[in-house]
Amino acid sequence: MDEHGYCLVTNDDGWDSPGLAVLKKAVRPLVPVVVAPESERSAVGHAINLLTPVRVRRVKRKGVCDYICSGTPADCVKLGVKVLLDKPPVLVASGINLGPNLGMDLLYSGTVSAAMEGAILGFPSVAISLVGSGHLHWSTVLAVVPVIIRLCLSVGMPSDVLLNVNIPNVSLSRLRGYRITRQGQARFNEDYQVRRDPRGRTYYWLRGNFKKVPAEKGSDVEAVTDNYVSVCPLRLDLTDYHFQEVLQKSLSKFI
Ligand code: MN
C-alpha cells in the first residue's frame, strides 16, 4: 500500500458535516484531499452537472475541506481526479454518511454514487455510512475505517466493483465484527405529505419509514441489525444475466 498516495475524500452531507472530518482523519496515513459539496446533497444519486457550470473554492484556512464544490458528490470525484489532484488517488472514499445506505435505498444515495464514480474512473473506491442516530460513536468509526481501507487496497478490487460499508452506531465493545454481505431488498415505505403554501397552492413532501424484510440471510440490513459492520461489494454492471437469457428465448415468440 502506497502510504503517501492520495485518498480523494468526499461525501453527500456537505463540507461541514462531522462525518467528513472523521473520514479525513481515518484515512491516514494516506494523504487526504477533501473535495466536498457546498451544501447537503443526500439522495441526489449519481447526478452530475451538464447544463450548469461547476464552481470550486479552494479553502485556504486550515480546516477539514480542501475544495468546496457547487456540484454533486459525483461531480466532486470527477473534478477531483481530472482537475484538482496533481496525481491519481490510490483510493476514493465517500462518507462518513450520517445514516444508513442499505438495501434498495442505496440506489438513491449520493454517498454510494461518489464511490461508484471513483470505480468508473478506475480507482479502488469505498462508501461508508454510520447507521443510527443520537450519540455518534466516532471512535468505532475510527477503528473500523483503517481495516476497510487495508482490505480494499490489498484484496485487488475488480475494476467495476466498489465497497458499500455500513457501520452500526455502537461502542467498539458492542461491535461484534465484520460480515461480507449482499444488498438487501429492504426499502422505504413512502408517502407524500400534502401541504399548502402561503399563497394557497398545494405542494408535496416525501416521507417514509425504512421497512426491513424479515429473514434476509446474508444481507447488509441483517448484518448491521446484528451489530456487525456490513461490507457489501457492488457492481457497476447492472445487467441481469439470468433474465437476459429468459428474454432472449421469449423474444422469438413476438417477432
Ligand atoms: Mn447523506
Side-chain angles (χ1 to χ4, degrees), residues 7-27 32 34-49 54 63-80 91-120 125-138 140-142 144-145 148 162-170 183-184 186-190 205-212 220-221 223-224 229-232 234:
C7 178
L8 177 56
V9 175
T10 191
N11 73 352
D12 77 356
D13 293 334
W15 66 274
D16 57 349
S17 168
L20 188 69
V22 172
L23 183 56
K24 183 181 190 180
K25 209 160 134 188
V27 302
V34 181
V35 186
E38 65 187 0
S39 59
E40 182 171 349
R41 302 283 189 201
S42 292
V44 299
H46 209 131
I48 53 171
N49 279 283
V54 177
V64 170
C65 201
D66 300 301
Y67 299 93
I68 295 177
C69 172
S70 68
T72 64
D75 282 327
C76 290
V77 173
K78 246 187 222 305
L79 205 75
L91 180 75
V92 174
S94 175
I96 307 291
N97 190 61
L98 301 182
N101 276 304
L102 298 164
M104 291 299 158
D105 201 32
L106 61 88
L107 295 172
Y108 303 97
S109 170
T111 306
V112 173
S113 293
M116 234 172 232
E117 187 60 38
I120 290 173
S125 298
V126 54
I128 308 172
S129 306
L130 186 58
V131 184
S133 51
H135 171 73
L136 299 175
H137 291 269
W138 293 122
T140 303
V141 173
L142 286 168
V144 167
V145 172
I148 299 299
L162 59 134
L163 296 183
N164 181 38
V165 176
N166 280 268
I167 304 172
N169 183 34
V170 295
Q183 183 188 356
R187 65 195 70 193
F188 272 83
N189 208 354
E190 294 170 325
W205 211 319
L206 187 65
R207 62 181 175 183
N209 298 306
F210 197 61
K211 209 170 151 45
K212 288 180 189 174
D220 48 7
V221 179
V224 295
V229 176
S230 164
V231 182
C232 181
L234 301 176

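Heads up: numbering here begins at 1 and tracks the sequence. Atoms within a ligand are numbered from 1 in the order they appear, just like the ligands themselves.
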Checking Asp16 now: which residues fulfil side chain to side chain contact (heavy atoms under 4.5 Å, CB included) with it, not counting sequence neighbours?
none
Within less than 2.8 Å of the Mn ion (ligand 1), how many protein N/O/S atoms are there?
4
Side-chain contact test, heavy atoms from C-beta onward, threshold under 4.5 Å: evaluate it for Ile96 versus Leu136 and give yes or no.
no
Val27 versus Pro32, closest heavy-atom pair with distance:
CG2-CB, 3.7 Å
Would you mind listing every side chain to side chain donor-acceptor pair (under 3.5 Å) that reaches into residues 109-118, with sequence neighbours excluded?
Asp12-Thr111, His46-Glu117, Lys78-Glu117, Asn97-Thr111, Asn101-Ser109
Run the side-chain contact (heavy atoms from CB on, under 4.5 Å) check on Leu130 and Trp138 step by step: do they pass?
CA-CA 9 Å; Leu130 186 58; Trp138 293 122; 3.9 Å; yes
For Phe188, what residues pass the side chain to side chain contact (heavy atoms under 4.5 Å, CB included) criterion, not counting sequence neighbours?
Asp105, Glu190, Phe210
